[in-house]
Asks: 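The structure is given below, and queries will be raised subsequently.
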Amino acid sequence: MKKSDWPLWEVFIRSKQGLNHKHVGSLRAADAEMAIENARDVYTRRSEGISIWVLESKNIHASDPQEADSLYDPAHSKVYRHPTFYDVPDGISHM
Amino acid sequence: MEKAQDILELERRFQEKIDNDIRIEPNDWMPDAYRKTLIRQISQHAHSEIVGMLPEGNWITRAPNLRRKAVLLAKVQDEAGHGLYLYSACETLGADREETIDDLHSGKAKYSSIFNYPTLSWADMGAIGWLVDGAAIMNQVPLCRCSYGPYARAMVRVCKEESFHQRQGFEIISKLAQGSPEQKEMAQDALNRFWWPSLMMFGPSDDDSPNSAQSMKWKIKRNSNDELRQLFVDVTVPQAEMIGLKIPDNDLKWNEATQHYEFGEIDWTEFWEVVKGNGPCNYERVETRRKAKENGEWVRAAAVAYAEKKKNKELAVEA
């Protein structure tokens, strides 16, 4: 039986305008508003962010690392998706 | 249930990842002993950060000026933050935060022994920042490369913040060391009291540290206790000389051949006594934390009640 009655939240911080939010860690808070305020104090004491996302950890669904082989297998054989697959003749530029 | 043979295969693949410096992440398979070792280490590290706020918190209201007060306050806030990064890392291993904290309060879980020494003068704020945070940095820098991802990432964040801690401490102690004779005496007294306990922060000597080999194999630990202790002595002795303070060790001498300082025998009886709970402040520290939780109970309950009320209101509006 878990004793923690405040849910766990995952915290994502946008460090500056134009960059994406990045996962930085988690914390406990009673609701979303409190989670944002706590995230401000825990993860941005040195102005590390200009925007905070919080998401209740239970709402995150993750792929299973043990099934990684079969999950990503379809992409392994498709080397032609990379530009390096193609030979560009000498003398051709801007490609 | 997994068969014994499957587990052997999983363990082999796990160790192969470790050997290839591939980080282990929360959902990856890991041996139970690895998980348990990490939960113990990370939670005790978190407790050390939290209990570590107390000796310094003791001086916030008595800081000699506003600048020193603001700096000390910021440092103690950082320690709280460090504790929270670490509890968060610990939870990724399936440990429950509240249970972890209750283990501290019941005496089941340990924390760094250094925080069981009292802070008797303002100079102790200098000695703690300089020596205790200095030793903590030595221990924590290699942990930034620890095999467990969330712990390593928390350590990167902690180490970035920790260097200000050491500098503010060194600033305090060097100012005092350059001050009046009384101030210099305060600085020397603080060094005298914190030097040996700081050396003890690296843990028992390698011959007496039975779990180290396994932790090294798992790359939770990257250097031995004695290695890091030697590094600390080598960098700290010249700093003390520079500010005119004397390290309280008559056996301390430079060895030209090894390019290291030789230092006197650590009082391991004192170390184990403090670990066992018989240091000068063990009781007071845990009691303070226990009361903080007890006295904050109504705040946590109120926050939950408020969150529920708000949620119900939102549901009523939607309906």
Side-chain angles (χ1 to χ4, degrees), chain A residues 1-16 19-50 52-73, chain B residues 2 6 10 13-14 17 22-30 74-75 77-92 94-103 149-151 153-154 156-158 160-161 164 293 297 299-311 314:
Chain A
M1 171 72 184
K2 297 235 172 189
K3 288 187 205 155
S4 304
D5 42 13
W6 286 5
L8 189 64
W9 302 78
E10 300 300 323
V11 181
F12 300 80
I13 306 268
R14 184 201 292 281
S15 59
K16 62 179 195 189
L19 296 183
N20 45 9
H21 287 76
K22 201 173 153 192
H23 183 245
V24 291
S26 59
L27 48 76
R28 295 247 167 210
D31 60 19
E33 193 186 337
M34 188 192 219
I36 288 176
E37 279 169 9
N38 288 0
R40 191 250 341 245
D41 293 341
V42 179
Y43 293 105
T44 67
R45 285 193 306 285
R46 285 171 180 74
S47 315
E48 288 94 337
I50 55 151
I52 299 172
W53 284 355
V54 293
L55 174 65
E56 247 193 274
S57 310
K58 67 174 185 200
N59 292 326
I60 290 189
H61 302 270
S63 60
D64 180 354
Q66 293 197 66
E67 284 170 7
D69 286 349
S70 58
L71 190 62
Y72 304 112
D73 177 69
Chain B
E2 287 155 323
D6 293 340
L10 286 167
R13 270 193 261 165
F14 173 81
K17 272 165 91 175
I22 295 171
R23 289 273 165 83
I24 307 302
E25 294 296 339
N27 291 337
D28 292 340
W29 186 89
M30 61 186 89
K75 183 192 187 259
Q77 283 171 332
D78 271 355
E79 309 297 359
H82 297 177
L84 292 173
Y85 307 154
L86 287 161
Y87 284 128
S88 147
C90 199
E91 279 196 286
T92 64
D96 180 69
R97 192 176 299 217
E98 290 307 308
E99 282 170 17
T100 310
I101 292 168
D102 289 341
D103 283 348
Y151 192 25
R153 291 191 288 272
V156 170
R157 197 176 277 277
V158 166
K160 261 190 211 159
E161 299 181 352
F164 128 66
K293 185 171 177 183
E297 179 58 44
V299 179
R300 292 191 299 279
V304 171
Y306 177 69
E308 271 168 15
K309 197 173 111 185
K310 225 169 48 170
K311 201 166 146 193
E314 278 162 21

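In this text, all values refer to a predicted model and were calculated from it rather than measured experimentally.
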Asks: A side-chain contact here means heavy atoms from C-beta on lying under 4.5 Å apart; do B/Lys310 and A/Glu33 qualify?
Replies: yes
Asks: A side-chain contact here means heavy atoms from C-beta on lying under 4.5 Å apart; do B/Lys160 and A/Arg46 qualify?
Replies: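 The answer is no, as the side chains (C-beta and beyond) never meet within the 4.5 Å cut-off.
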Asks: Is any side-chain heavy atom of A/Trp6 less than 4.5 Å from a side-chain heavy atom of B/Arg97?
Replies: no
Asks: What do you reckon, is NZ of B/Lys293 surrounded by more than 12 foreign heavy atoms closer than 6.0 Å?
Replies: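 Yes - once you tally the heavy atoms of other residues, nucleotides and ligands closer than 6.0 Å, there are more than 12.
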Asks: Quick one: do A/Asp5 and B/Arg300 make a salt bridge, cutoff under 4.0 Å?
Replies: no
Asks: Can you tell me which of A/Ser63, A/Ala30, A/Ala29 forms the most heavy-atom pairs within a distance under 4.5 Å of chain B?
Replies: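 Looking at each option in turn, the highest pair count goes to A/Ala30.
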Asks: Closest heavy-atom contact between A/Ala62 and B/Asn27?
Replies: CB-ND2, 3.7 Å
Asks: Under 4.5 Å from any heavy atom of chain A, what part of B/Glu25 do you find: side chain, backbone, both or neither?
Replies: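 For B/Glu25, neither part sits under 4.5 Å from chain A.
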Asks: Within the distance-only criterion (no hydrogens, no angle test), does the side chain of B/Tyr85 pair as donor or acceptor with the backbone N or O of A/Val24 below 3.5 angstrom?
Replies: no
Asks: Give the C-alpha distance, both sets of side-chain angles, the deciding distance and a yes or no for salt bridge (Lys or Arg N to Asp or Glu O under 4.0 Å) between B/Glu98 and A/Arg28.
Replies: CA-CA 10 Å; B/Glu98 290 307 308; A/Arg28 295 247 167 210; over 6 Å; no
Asks: Answer yes or no: is there a side-chain heavy-atom contact under 4.5 Å between A/Arg45 and B/Asp78?
Replies: yes
